[in-house]
Amino acid sequence: MLALPSENVKIMSVVVKIKEAAVRSIEAIYSVSIKPEQILVNATKPEFEGDYTVVLFAFVKQLKKSPDALGQELGEHIVAQNPNLFTGFNVIKGFLNLSVANQFWLDFIAAQKNNQQYGIQPSNGKKVMVEYSSPNTNKPLHLGHLRNNFLGWSIAEILKANGYEVAKTCIVNDRGIHICKSMIAWQLFGHGATPASTGMKGDHFVGDYYVKFNDAYKVEVAALVASGMEQEHAEKAAPIMKETQQMLLDWEAGKPSVMELWRNMNGWVYEGFDTTYKKIGSDFDKTYYESNTYILGKDLVESGLEKKVFFQKDDSSVWIDLTGDGLDEKLVRRKDGTSVYMTQDIGLAVHKYDEFKADQSIYVVGDEQNYHFKVLKLICQKLGIPAADGIYHLSYGMVELPTGKMKSREGTVVDADDLVDAMVNIAQQKTEELGKVKDFTSEELVELYDTIGLGALKFFLLRVDPKKKMIFNPEESIDFHGFTGPFVQYTHARIKSILRKQEDTVLQNSGTEVLLPLELELTKHLELFPSVLEEAAIEHDPSKVAIYLFELAKTFNGFYTQHSIANAESDEKKSLRIYLSKLTAQVLQRGMSVLGIRVPERM
RNA sequence: GGCUGCGUAGCUCAACUGAAUAGAGUACCUCACUACGGAUGAGGGGGUUUUAGGUUUGAAUCCUAACGCGGUCACCA
């Protein structure tokens, strides 16, 4: 959990103000010492009078007062002491409902109406690394990678908005037996074909050879089994597998012909990845390649042995004993002296820390690796590595289909490029049906379809709690109504359209208008934005932002249908509503941008 | 099997980390347009929060157990 330094929390939201006021009053009346965190403040339920509610039960025992008596005393004191903030209170069954002064909200609007940076915090001097995407160079990106990319990118942006300096990194898994499989298959079946000669995207091209390898491998194993060999033995004895294993050895030995093939094929894949990353708006400040990092961490094994954190077995393999921590023994160096995944990750953690000195290093990796990261952090701590405490595994749940898990062997993997294209096509189709942007140039249209199609997809994947596994229903994802990206985008476009027509209006705010219920509701929602961004950063959870934006858009739409902006009751009201509309559009834009989603001026 | 995560409307998700009558979207059924943008708004039905106990003034939330579904327990990464 990311701890925000208390001196930096100066987003004085109403809720924070109420908590502090409550603390002052309780301390003054009862001469006890309490902290703002002990006080629970909720938005008052619509059926009761008031705006915010202090829940009193927590203090009933400590102060030896009945909830009603406590509420009365506290309510009287808090309102008397904060006449600018509160206008009244009522107590119902242990809940102290406070009414906030109309003027407070008008002041809020006046203060923020021209603040282009509303919600954005100044630098707090802290650095964070966010590692995400982690692709393999033997196959193209799929739906799971999309959730990963969108999450990583968004969390980086949310942290930036909260004043952190952020470095986005990517570790590319570009070596190992699986890469050699594609290479062998290309040698056997490629006949010199290239992405250019076939007109294919490089990552798909290489991915196809990975599939071809598995097909050929299956055939060979089946033949061996048919000739009487046992399955397990046949899997090791298949000639194509033996060739592949030899190739891995050749690669590790740096054999020139293998290295050349490897560079070529990886080059094709990277070209394909670049296209996809550009399309989905993902980027990295620094990319690490496992072919460079897989040797890291070897010296750490030595120092770990010296420190007696590690121990050596008779076959000379090196281990760490974590049974005291409720875990198992874990291998950190093979008997042949080569390092394992864990060792590389320790090495990379140290390497990254040396380069960036990040206070926190976030790994956006699926929850199937929970155990690995638990162990990684623990080993780093035992080794006394400075980077250790900053390691944070942002464990996200798998994306499943209504039919179950995605399985490459069963061909149920949803390809990232295909999915993005499909979403963009649907956006085009729906836009054409509505026919509102017939005057757009073809370039503008292409950009608009991208904005909407990708917006729908990103919003769909980001709107659920990252920690939970989610089900991706293709039919639901292409729905542009309700809790969706296009709904938020539409609301933004609509506001912009209205504002365009009011450009010449001379704004005049008397600063004394009385807010109508729907105006007040919208204002309250707008006031929440900085706290939502802060909470999203603390929780590493973009879904908080997505949910907030949807509710804000909904609130605006409700306000909009009831109150005319252009034909407001008075010039003052008109100005006020224009301010609210502008601020809403700005918050929608800013909020969507930290999710990696653009909002159109028209759609 | 050990460890670990999850189980909330038909479906997809919320619930401020223990508070008022568990909320949204979707689907289904009504209603409102010659609109400052209908990719909209208003309303309706739909829940014993898997089950059984326990703690508490108060439990979807914490504890115990059962059932169900995942993940992980590789000298793969």
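So that the names make sense, note that chain A is the first sequence line, chain B the second, and so on, each numbered from 1. Computed over heavy atoms, backbone and side chain alike; hydrogens, waters and symmetry mates excluded.
The aromatic ring of A:F95 does not sit over the base of B:rA19, since the test of centres under 5.5 Å and planes under 30° is not met. The side-chain ring of A:Y341 is not stacked on the base of B:rC76, judged by centre separation under 5.5 angstrom and plane angle under 30 degrees.
Listed by chain and number, the residues in a salt bridge (charged side-chain N to carboxylate O under 4.0 Å, His left out) with A:K582 amount to none (sequence neighbours excluded). In this view, A:D174 satisfies the salt bridge (charged side-chain N to carboxylate O under 4.0 Å, His left out) rule with no residue, not counting sequence neighbours. Remark: A:H492 pairs with no residue by the ring pair (Phe, Tyr, Trp, His ring centres under 6.0 Å) rule, at least two apart or across chains. Take A:F472 and apply the ring pair (Phe, Tyr, Trp, His ring centres under 6.0 Å) test, not counting sequence neighbours, and it matches A:F460. Evaluation of the ring pair (Phe, Tyr, Trp, His ring centres under 6.0 Å) rule for A:F213 yields A:Y217 as partners, not counting sequence neighbours. Residues passing the salt bridge (charged side-chain N to carboxylate O under 4.0 Å, His left out) test with A:K496, sequence neighbours excluded: A:E601.
Residue pairs meeting the salt bridge (Lys or Arg N to Asp or Glu O under 4.0 Å) criterion with at least one partner in residues 313-326 of chain A, sequence neighbours excluded, are A:K313-A:E329, A:D325-A:K382. Applying the salt bridge (Lys or Arg N to Asp or Glu O under 4.0 Å) rule to pairs touching residues 552-570 of chain A yields A:E569-A:R577, sequence neighbours excluded.
Among the protein residues, A:T338 comes within range of no part of the nucleic acid, since none of its heavy atoms lies under 4.0 Å from any strand. Here A:H492 lies out of heavy-atom contact (under 4.0 Å) with every strand. Using a 4.0 Å heavy-atom distance criterion, A:A43 is classed as making no nucleic acid contact. Across all strands shown, A:E601 has heavy atoms under 4.0 Å from base atoms, whether or not it also approaches the sugar-phosphate. A:N567 comes within 4.0 angstrom of no nucleic acid atom, judged by non-hydrogen atoms across all strands. Within the nucleic acid shown, A:I471 comes within 4.0 Å of sugar-phosphate atoms alone, with no base atom in reach, counting heavy atoms only. At a threshold of 4.0 angstrom between heavy atoms, the contacts of A:K374 with the nucleic acid are absent. Here A:N42 lies in heavy-atom contact (under 4.0 Å) with a base.
The separation of B:rC6 from B:rU50, taken at their C1' atoms, amounts to 12 Å, rounded to a whole angstrom. Comparing the same atom, C1', in B:rA59 and in B:rA15 gives a spacing of 13 Å after rounding to whole Å. For the P atom pair drawn from B:rU40 and B:rU12, the interatomic distance equals 23 Å after rounding to whole Å. Across B:rG71 and B:rA42, the matching C1' atoms stand 45 Å from one another, rounded to whole Å. For the P atoms, the distance linking B:rA60 with B:rU55 amounts to 16 Å, nearest Å. Remark: the separation of the C1' atoms in B:rG47 and B:rU4 is 29 Å, to the nearest Å. Taking atom P on both nucleotides, B:rG70 is separated from B:rG43 by 41 Å, rounded to a whole Å. Using C1' as the reference atom, B:rA66 and B:rC29 are 40 Å apart when rounded to the nearest Å.
No N or O donor and acceptor, one from the side chain of A:T561 and one from the base of B:rG41, sit under 3.5 Å apart. Residue-to-nucleotide contacts include no donor-acceptor pair under 3.5 Å from the side chain of A:S543 to the base of B:rA14.
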Quick one: side chains of residues 480-489 of chain A, donor-acceptor pairs under 3.5 Å with protein atoms, not counting sequence neighbours, listed by atom name and distance.
{"from": "A:T484", "atom 1": "OG1", "to": "A:F480", "atom 2": "O", "distance (Å)": "3.3"}
{"from": "A:T484", "atom 1": "OG1", "to": "A:F487", "atom 2": "N", "distance (Å)": "3.2"}
{"from": "A:Q489", "atom 1": "NE2", "to": "A:T451", "atom 2": "O", "distance (Å)": "3.0"}
{"from": "A:Q489", "atom 1": "NE2", "to": "A:R598", "atom 2": "O", "distance (Å)": "2.8"}

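Taking atom CD of residue A:Q562 and atom P of nucleotide B:rA35, one finds them 17 Å apart after rounding to whole Å. If you take OH of A:Y548 and C1' of B:rA14, they are 17 Å apart, rounded to a whole angstrom. Straight-line distance from the CD atom of A:E569 to the C1' atom of B:rC36: 14 Å, rounded to whole Å.
Regarding contacts with the backbone of B:rC76, a side-chain N or O of A:R334 is found under 4.0 angstrom from either OP1 or OP2. One finds a side-chain N or O of A:N557 lying less than 4.0 angstrom from the OP1 or OP2 phosphate oxygen of B:rG41. Checking the phosphate oxygens (OP1, OP2) of B:rC75, no side-chain nitrogen or oxygen of A:K313 falls inside 4.0 Å. Residue A:R494 places at least one side-chain N or O under 4.0 Å from the OP1 or OP2 atom of B:rG38.
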Between N or O atoms, less than 3.5 Å apart, protein on one side and nucleotides 69-74 of chain B on the other: list the pairs.
{"from": "B:rG71", "atom 1": "OP1", "to": "A:K405", "atom 2": "NZ", "distance (Å)": "3.3"}
{"from": "B:rC73", "atom 1": "O2'", "to": "A:D328", "atom 2": "OD2", "distance (Å)": "3.4"}

What's touching nucleotides 22-25 of chain B from the protein side, N or O pairs under 3.5 Å?
{"from": "B:rG25", "atom 1": "O2'", "to": "A:F483", "atom 2": "N", "distance (Å)": "3.3"}

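Glycosidic conformation at B:rU17 (O4'-C1'-N9-C4 for purines, O4'-C1'-N1-C2 for pyrimidines): syn, within 90° of 0.
Side-chain contact between A:K574 and A:Q502 is present, with at least one heavy-atom pair separated by less than 4.5 Å. Within the 4.5 Å cutoff, no side-chain heavy atoms of A:S66 are placed close to those of A:V60.
Side-chain contact check for A:T53 and A:N97: at least one donor-acceptor pair (N or O, by modelled atom type) lies under 3.5 Å.
Residues A:R175 and A:E290 are paired through a salt bridge, judged by an N-O separation under 4.0 Å between the basic side chain and the carboxylate.
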Parsed dot-bracket for RNA chain B after applying the Watson-Crick and G-U rules with both distances under 3.5 Å and | for other-strand partners is (((((((..((((.....[...)))).(((((.......))))).....(((((..]....))))))))))))....
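Panel note: side chain A:H525, backbone A:L522; no donor-acceptor pair is recorded below 3.5 Å.
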